[in-house]
Asks: 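After the structure tokens below, expect a handful of questions from me.
Throughout, protein chains are lettered first and strands after them, A, B, ... in sequence-line order, and every chain is numbered starting at 1.
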Amino acid sequence: MNITVYNTLTRAKESFVPLDPQRVTMYVCGPTVYNYAHIGNARPPVIFDLWRRVLQTRYDQVVYVSNITDVDDKINAAAAAQGVPISDITRRFTDIYIEDMAALGVQPPDVRPRATEHIPEIISMIKALIDSGHAYEAEQHVLFDVSAYPDYGQLSRRDRREMIAGARVEVAPYKRQPEDFVLWKPSSGDLPGWDSPWGYGRPGWHIECSAMAAKHLGEVIDIHGGGSDLVFPHHENELAQSCCVHQQDRFARYWLHNGFVQMESRKMSKSLGNVLTVHELLQQHPGEVLRYVLLSAHYHQPLDWSEAAVTQAHKTLDRLYAIARDHLQPVAAAASVPDAVLSALYDDLNTPKALAAFNQLCRDLAAAKDTAEKQGLSADIRAAGALLGLLQEAPEAWFGRQKQALDADAIDALIAARDAARQQRDFARADAIRAELDAMNVIIEDSADGTKWRVRQGTAES
RNA sequence: GGCUAGGUGGCAGAGUGGUUAUGCAGCGGCCUGCAAAGCCGUGUACCUCGGUUCGACUCCGGGCCUAGCCUCCA
């Protein structure tokens, strides 16, 4: 089975073939740590984490690098605004980011490089760009000379003249052309800085990713991922720098970009102020619910975030966990992921299709008659769940969490009273108690092995 | 203005040149003391106008609408 990917560079779905069949390399742009990550920021980590897991089913070695950008003017501004040292900001939000992503089921990357730990690599890369005639120094800045790279604009399919015509390119007096971008800029006062051949300063926005990708993965990498707003200018500039420094015609062989999470059909972004942070969402919903929502649309497509979407995902997962609770068998050996799920994911990570197949497997399990069939489906479901990062909790823990907010002893007492009434065939009283529980958003289910209860989704909050 | 994606049933969201997506909600049935859960069944779905075709929601062209990038942004 082939893995296909939609490559932004070629605007086509291509068969994925790694440069080195033994070692797949992927780099995903990580966060600039100055604030809480919102749910839109979480989409790339979740999507590319899944990409990595899918690639691992096929390739023995997948090296996944995702950085932390811990030097940036927004960080400086946040530190100044809060009156704390810059390192307080970066350390704090790096920790929060890592915790929040873990709660969404994102596995840590193999390498999580920090920009500030790669200043020597950045400086030597800039030096090489100057030496090769692709960059120039001007007023303590170093700028990339876009005119020295004829292929500039290939990723975003942008014509340089049109960009200038757009008239929104920052024009600084020290630039030779308006589209030239900063590799190094001067620092003073409290701003973070390092000594360099061009004076005390700090790196520009794009260079750190080029330097870290080269150091940890090599000059040409297989996959480079990120949100679609990074196509231009960030990835275009990374591509230009990296190709010029390494004298390669490719930097990443496959460029993958995810669409945005939207709020009421508008992009969720800090500047628009319509954000929902992962941190606050995790107070209200299990991480798997948020993960399910993020996987419910294809990663290229925009994903409209809403309470209704979260509720639906929660209900769906409740049903799957109930099936797991009642039917899922222990499995001795790890099975392979069933074809219906894997082939969907191999097809440019078609997560909605994979989830449909996963749901089908669970329904089949619930309907399965004999033990052999149940065991086979259980093995399939466990393997698929492990790949998708779903159904990873014990059902008791899953339902237990929802019950925490309620007084379990009181509910158990009511259920016992109802069972007693039913024994005496006093159904009026039994139904009255059930109505009382229902008013508490508690739904009960009578079964052969006693009465179970759970919390109704989607009505309690908001 | 330039460049990109999209417009599918009540909602979310895949997909396909002629045959069931899936989920949530609804409806009918089985089951149940009654429910719930589960199971079975169920819905004149593919923005619009042309074209290609034996046949188009699916391909091509025009139009309308939406979102994104061109400025920090996942």
Side-chain angles (χ1 to χ4, degrees), chain A residues 6 8 11 28-32 34-35 37-48 72-74 77 153 156-159 161-170 179 205 225-234 236 257-262 265-272 275 292-293 295-304 306 308-309 311-320 322-323 325-327 344 347 350-360 362-363 366-367 422 425-428 430-431 434-435 437-438 442-447 451-454 456-458:
Chain A
Y6 181 84
T8 305
R11 307 287 156 115
V28 174
C29 289
T32 300
Y34 68 103
N35 209 335
H38 63 243
I39 191 67
N41 295 322
R43 198 175 191 189
V46 168
I47 288 300
F48 291 107
D72 182 274
D73 288 352
K74 293 190 292 292
S156 55
R157 306 247 165 139
R158 239 163 260 265
D159 183 89
R161 282 171 316 189
E162 284 169 357
M163 285 168 48
I164 302 162
R168 297 225 258 166
V169 186
E170 181 200 355
E179 323 92 278
W205 175 30
S228 56
D229 52 352
L230 296 184
V231 174
F232 188 88
H234 186 55
E236 191 73 71
H257 294 97
N258 63 274
F260 297 118
V261 173
Q262 308 186 144
S265 299
R266 300 219 65 103
K267 176 183 179 181
M268 183 184 292
S269 82
K270 285 166 186 163
S271 44
L272 291 173
V275 302
Y292 196 102
V293 177
L295 297 180
S296 67
H298 187 92
Y299 75 98
H300 293 154
Q301 299 305 127
L303 173 64
D304 215 50
S306 65
T311 299
Q312 182 186 315
H314 208 328
K315 285 182 175 178
T316 302
L317 278 170
D318 275 355
R319 202 187 89 260
L320 299 183
I323 292 172
R325 179 192 63 196
D326 298 338
H327 302 282
D347 181 15
N350 191 333
T351 51
K353 203 172 179 184
L355 290 177
F358 190 62
N359 270 285
Q360 185 67 52
C362 292
R363 285 200 299 141
R422 291 174 68 218
R425 305 195 65 79
D426 181 358
F427 296 121
D431 290 350
R434 189 175 61 211
L437 287 163
D438 188 74
V442 172
I443 296 172
I444 55 174
E445 300 172 21
D446 295 328
S447 73
T451 300
K452 297 167 188 166
W453 65 277
R454 64 192 167 82
R456 177 189 292 128
Q457 294 305 325

Asks: Under a 3.5 Å limit for both distances, which nucleotide forms a Watson-Crick or G-U wobble pair with B:G26, could you say?
Replies: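 With both distances under 3.5 Å, B:G26 matches B:U42.
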
Asks: Which base, if any, makes a Watson-Crick or G-U wobble pair with B:U53, both distances under 3.5 Å?
Replies: none

Asks: Students often get this wrong, so: under 4.0 angstrom with heavy atoms, is A:S271 touching a base, only sugar-phosphate, or nothing?
Replies: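 The residue A:S271 makes base contact.
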
Asks: Under 4.0 angstrom, heavy atoms only, what part of the nucleic acid is A:G259 near: base, sugar-phosphate, or nothing?
Replies: base

Asks: Go through it in stages, so that I can follow the logic: the residues are A:R363 and A:R319, the test is side-chain contact (heavy atoms from CB on, under 4.5 Å), and I'd like the CA-CA distance, side-chain angles, deciding distance and then a yes or no.
Replies: CA-CA 10 Å; A:R363 285 200 299 141; A:R319 202 187 89 260; 3.9 Å; yes

Asks: May I ask you to test the A:R456-A:V442 pair for a side-chain heavy-atom distance under 4.5 Å?
Replies: no

Asks: Between C1' on B:C70 and CD on A:E236, what's the gap in Å once rounded to a whole number?
Replies: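 One finds 12 Å between C1' of B:C70 and CD of A:E236, rounded.
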
Asks: Considering only atom P, compute the distance from B:A56 to B:C60 and round it to an integer number of Å.
Replies: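 That atom pair is separated by 16 Å.
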
Asks: Starting at CZ of A:R11 and ending at C1' of B:C69, how long is that distance when rounded to a whole Å?
Replies: 10 Å

Asks: Would you call A:D446 and A:K452 a salt bridge, taking side-chain N to carboxylate O under 4.0 Å as the test?
Replies: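 Result for this pair is no, no salt bridge flagged.
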
Asks: I want to check one thing: is the phosphate of B:G23, taken as OP1 and OP2, less than 4.0 Å away from some side-chain N or O of A:K315?
Replies: no

Asks: May I ask you to say what A:V261 touches in the nucleic acid, namely base, sugar-phosphate or nothing, with a heavy-atom cut-off under 4.0 Å?
Replies: base

Asks: What integer number of Å spans the P atoms of B:U58 and B:U53?
Replies: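 The same atom, P, in both gives a distance of 16 Å.
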
Asks: Between A:R434 and A:E445, does any NZ, NE, NH1 or NH2 come within less than 4.0 Å of an OD or OE carboxylate oxygen?
Replies: no

Asks: Does the side chain of A:T451 reach to within under 4.5 Å of the side chain of A:R422, using non-hydrogen atoms?
Replies: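 Answer yes - side chains close enough.
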
Asks: Rounded to the nearest angstrom, tell me the gap between atom OH in A:Y292 and atom P in B:U22.
Replies: 12 Å

Asks: Taking atom P of B:U4 as reference, at what distance in whole Å does atom CZ of A:R158 sit?
Replies: 10 Å

Asks: Suppose you measure atom C1' in B:U8 against the same atom in B:U20; what distance do you get, rounded to whole Å?
Replies: 16 Å

Asks: For the P atoms, the ones on B:C11 and on B:C47, what distance do you get once it is rounded to whole angstrom?
Replies: 13 Å

Asks: Is any side-chain nitrogen or oxygen of A:K267 closer than 4.0 Å to OP1 or OP2 of B:A74?
Replies: no

Asks: Identify whether any heavy atom of A:S265 sits under 4.0 Å from a base atom; if not, whether one sits that close to sugar-phosphate; answer base, sugar-phosphate or nothing.
Replies: sugar-phosphate

Asks: Which whole-number value in Å describes the distance from A:H257 NE2 to B:G68 P?
Replies: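 Whole-Å distance recorded here is 18 Å.
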
Asks: Would you check if A:T351 and A:Y299 make a side-chain contact, meaning some heavy-atom pair closer than 4.5 Å?
Replies: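 No, side chains not in contact.
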
Asks: What's the CG-C1' distance between A:L272 and B:A67, to the nearest Å?
Replies: 12 Å

Asks: Would you indicate what A:G40 reaches in the nucleic acid, counting non-hydrogen atoms under 4.0 angstrom: base, sugar-phosphate, or nothing?
Replies: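 Base contact.
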
Asks: Rounded to whole angstroms, how far apart are NZ on A:K74 and P on B:U71?
Replies: 15 Å

Asks: How far, in whole Å, is B:C39 from B:C24 if one measures between their P atoms?
Replies: 10 Å

Asks: Say you pick atom P in B:G41 and the same atom in B:G23; how far apart are they, in whole Å?
Replies: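 Comparing P positions in B:G41 and B:G23 gives a spacing of 12 Å.
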
Asks: Could you tell me which nucleotide pairs with B:G33 by Watson-Crick or G-U wobble geometry, both distances under 3.5 Å, or answer none if nothing does?
Replies: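 Its partner: none found.
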
Asks: Could you check if a side-chain atom of A:M268 sits within less than 4.5 angstrom of a side-chain atom of A:N41, using non-hydrogen atoms only?
Replies: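 Contact flag for A:M268/A:N41 side chains = no.
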
Asks: Partner of B:U66 by Watson-Crick or G-U wobble geometry, both contacts under 3.5 Å, or none?
Replies: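 B:A5 - that is the nucleotide pairing with B:U66, both distances being under 3.5 Å.
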
Asks: Please measure how far the P atom in B:G63 lies from the corresponding atom in B:A12, and state the result in whole Å.
Replies: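 Result for the P pair: 27 Å, nearest Å.
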
Asks: I want to check one thing: is the phosphate of B:A5, taken as OP1 and OP2, less than 4.0 Å away from some side-chain N or O of A:Y6?
Replies: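 It does, given that an N or O in the side chain of A:Y6 lies less than 4.0 Å from OP1 or OP2 of B:A5.
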
Asks: Tell me yes or no: between the side chains of A:D72 and A:T32, is some donor less than 3.5 Å from an acceptor?
Replies: no

Asks: Would you mind telling me which residue lines up with the more 5' stretch of RNA chain B, A:G226 or A:L355, judged by nearest nucleotide?
Replies: A:L355

Asks: Is A:R11 atom CZ crowded by more than 12 heavy atoms from other residues, nucleotides or ligands, each under 6.0 Å away?
Replies: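 Yes, CZ of A:R11 has more than 12 neighbouring heavy atoms, counting only those of other groups under 6.0 Å.
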
Asks: State plainly whether the residues A:R266 and A:D304 are in salt-bridge range, i.e. N to O under 4.0 Å.
Replies: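 So A:R266 does not pair with A:D304 through a salt bridge.
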
Asks: Each nucleotide in nucleotides 29-41 of chain B should get exactly one letter: B, S or -. Can you fill that in based on protein heavy atoms under 4.0 Å?
Replies: ----BBBBSSS--

Asks: Any cation-pi pair here, A:R158 with A:F232, using under 6.0 Å and within 45°?
Replies: yes

Asks: Less than 4.5 Å apart, any side-chain heavy atom of A:E236 and any of A:V231?
Replies: no

Asks: Determine the interatomic distance between P on B:A45 and the same-named atom on B:A21; round to the nearest Å.
Replies: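 Looking at atom P only, B:A45 and B:A21 are 10 Å apart.
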
Asks: Between C1' on B:C24 and CG on A:L317, what's the gap in Å once rounded to a whole number?
Replies: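 To the nearest whole Å, that distance equals 12 Å.
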
Asks: Check this one for me: any side-chain N or O of A:N359 less than 4.0 Å away from OP1 or OP2 of B:U22?
Replies: no

Asks: I need a per-nucleotide contact map over nucleotides 6-15 of chain B, read 5' to 3'. Cutoff is protein heavy atoms under 4.0 Å; write B for the base, S for backbone only, - otherwise.
Replies: -------SSS

